[in-house]
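For reference, the structure is listed below as structure tokens.
In the text below, chain A, chain B and the rest are named by the order of the sequence lines, each starting its count at 1.
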Protein chains: 2
Amino acid sequence: MQPKAKKKAAELAGELPAELTQARRFGKTRSAQSGALLEDYVELIDDLLTSNGEARPTDVARRLGVSHATAIKTIARLKRAGLATGRPYRGVFLTQEGQKLAARVRMRHRLVVDILLALGVPAEAAEADAEGIEHHVSDATLRAFAQFLESRVPS
Amino acid sequence: MQPKAKKKAAELAGELPAELTQARRFGKTRSAQSGALLEDYVELIDDLLTSNGEARPTDVARRLGVSHATAIKTIARLKRAGLATGRPYRGVFLTQEGQKLAARVRMRHRLVVDILLALGVPAEAAEADAEGIEHHVSDATLRAFAQFLESRVPS
DNA sequence: TATCAAATGTAGCTTTAGCTACACTTCTGC
DNA sequence: GCAGAAGTGTAGCTAAAGCTACATTTGATA
Ligand SMILES: [Mn+2]
Ligand SMILES: [Mn+2]
Ligand SMILES: [Mn+2]
Ligand SMILES: [Mn+2]
């Protein structure tokens, strides 16, 4: 049904099929995406705990721009995932694991914003785009970003 | 329930509430994400049409690493959105709108990969991360990327 | 031309993420 | 101490994106 001549040649040459490579990349993107929401929640809850001493579902909801019912359901998912704790009507807290994740996520967020600014992206666009981009930056890419920023003349 | 003194001062100073700004950013990220899958499908279908002359659901599925049933359902969504056409058992094609989107998406994808490479990200990480990052790059950021690459010494 | 493998499509299930509407606590102010 | 507002939680809906299992169509080939 399809011409296979070239494909066979490539496989014989030891390359792994391009389709598999592409499928693996898309798969990585999908799993990064499935963690993105939890990352944002954890980062935000940590912010609220630091600045307010408490993190209430309503505050989380307002900052994210979703209904409080949605926020509460996602917070339940955080608890199931072992990232958060808290008793009914008593606010949300982070487990140790949640705190570790929050720290990593915040660091990565800052680094992404800094890179965008260094590339000349306007401040508001940098902040807005970083909110989505951050979840798709691998460790290897993160290292490259850090090194690039270090190697710059600091202002 | 919360101390409001500082907040009121900021509002009186003419700043719009930080919560709203943050909520708007998260909202942008959510809508970018909801378009991401369609963008990848359209780009991939265009690839297949160019290289094979046809785009079959099975090929789309294999390249994306999902089941053919999933691919078919998403392709139905593309048709509903006016991006694709095609009759049962006869392959998928792109509408004019779909072709225009594919062109934009491919250009943006290349630019993101190029920027990552320019920043010293290893090739495979650049390709993999770009697959997710691309969907969160605004026009303003895209312009900054293009300008940054132009202003480089070309090798 | 009849067969049969591959491709395509359909059905039905799960999880996630959003919403509105309603019910129940908590806490503040009087 | 109580009333009412604010916050929290639950129920029930939709749509997306994934899956497996099964049914149907196409088309290559014997
Ligand atoms: Mn984010
Ligand atoms: Mn963030
Ligand atoms: Mn992509
Ligand atoms: Mn792409």
Side-chain angles (χ1 to χ4, degrees), chain A residues 1-4 19 23 26-42 44-45 48 52-81 83-93 131-132 135, chain B residues 1-4 19 23 26-42 44-45 48 52-81 83-93 131-132 135:
Chain A
M1 245 162 190
Q2 276 183 32
K4 304 256 174 168
E19 292 152 346
F26 280 121
K28 275 189 191 174
T29 299
R30 278 193 301 273
S31 50
Q33 192 51 46
S34 85
L37 195 71
L38 298 191
E39 291 180 349
D40 282 337
Y41 268 75
V42 161
L44 175 52
I45 290 168
L48 291 169
N52 296 358
E54 61 177 354
R56 301 181 313 163
T58 299
D59 295 331
V60 172
R62 189 174 40 241
R63 296 264 216 133
L64 288 168
V66 299
S67 75
H68 80 276
T70 296
I72 284 173
K73 249 197 278 195
T74 305
I75 289 169
R77 199 183 143 204
L78 287 186
K79 291 176 181 171
R80 263 182 277 141
L83 296 170
T85 47
R87 300 198 323 287
Y89 298 97
R90 247 40 204 197
V92 196
F93 299 92
E131 204 52 75
H135 309 286
Chain B
M1 245 163 187
Q2 278 182 32
K4 305 256 175 170
E19 294 151 345
F26 280 121
K28 275 189 191 175
T29 299
R30 279 193 300 274
S31 49
Q33 192 52 46
S34 86
L37 195 71
L38 298 192
E39 292 180 347
D40 283 337
Y41 268 75
V42 161
L44 175 53
I45 290 167
L48 291 169
N52 297 357
E54 61 177 354
R56 301 182 311 163
T58 298
D59 296 330
V60 172
R62 189 174 41 241
R63 296 262 216 135
L64 288 169
V66 299
S67 74
H68 81 276
T70 296
I72 284 173
K73 247 196 280 195
T74 306
I75 288 169
R77 199 182 143 207
L78 288 186
K79 291 176 180 171
R80 263 183 277 142
L83 297 169
T85 47
R87 301 199 321 288
Y89 298 96
R90 247 49 221 194
V92 195
F93 299 91
E131 203 52 74
H135 310 285

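For A/T58 and D/dT8, the shortest distance from a side-chain N or O to OP1 or OP2 is below 4.0 Å. Residue A/R90 places at least one side-chain N or O under 4.0 Å from the OP1 or OP2 atom of C/dT26. Taking side-chain N and O atoms only, A/R80 has a distance below 4.0 Å to OP1 or OP2 of C/dT16.
Per the geometry, CD belonging to B/E39 stands 16 Å off C1' belonging to D/dA16, to the nearest Å. Atoms CG (B/D59) and P (C/dT8) sit 7 Å apart, rounded to a whole Å. Note: CG (A/L78) to P (C/dT16) measures 12 Å, nearest angstrom. Note: CD (A/Q33) to C1' (D/dA16) measures 13 Å, nearest angstrom. As a whole-Å value, the separation of A/D40 CG from C/dT16 P is 17 Å. Put simply, CZ on A/R56 is 14 Å from P on C/dT26, counting in whole angstrom units.
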key: side-chain contact (heavy atoms from CB on, under 4.5 Å) between A/T29 and B/H135, worked out   = CA-CA 11 Å; A/T29 299; B/H135 310 285; 5.5 Å; no
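Between B/Y41 and A/P88, the residue anchored nearer the 5' end of DNA chain D, judged by the nucleotide with its closest heavy atom, is A/P88. Nearest-nucleotide assignment on DNA chain D puts the 5′-proximal partner with A/G91, out of A/K73 and A/G91. Closest-nucleotide positions on DNA chain C for B/I72 and A/T70 were compared, and the one nearer the 5' end corresponds to B/I72.
Relative to the side chain of B/Y89, the nucleotides C/dG18, D/dT25, D/dC19 differ in distance, and D/dT25 lies closest. With D/dG18, C/dG18, D/dT10 as the candidates, the nucleotide lying closest to the side chain of B/V66 is D/dG18. Here C/dC19 is the nucleotide among C/dC24, C/dT10, C/dC19 with the atom lying nearest to any side-chain atom of A/A69. Side-chain proximity of B/P57 to C/dG9, C/dA11, C/dC19: nearest is C/dG9. For A/H68, taking side-chain heavy atoms from C-beta onward, the closest of the listed nucleotides C/dA7, C/dA21, C/dG18 is C/dA21.
Rounded to the nearest 0.5 Å, atoms NZ (B/K28) and CD (A/E131) are 12.0 Å apart. In this structure, OG1 on B/T58 lies 7.0 Å from CD1 on B/I72, to the nearest 0.5 angstrom.
Side-chain contact between B/L64 and B/T70 is absent, with no heavy-atom pair separated by less than 4.5 Å.
Residues B/L44 and B/V60 approach most closely at CD2-O, 3.8 Å, considering heavy atoms.
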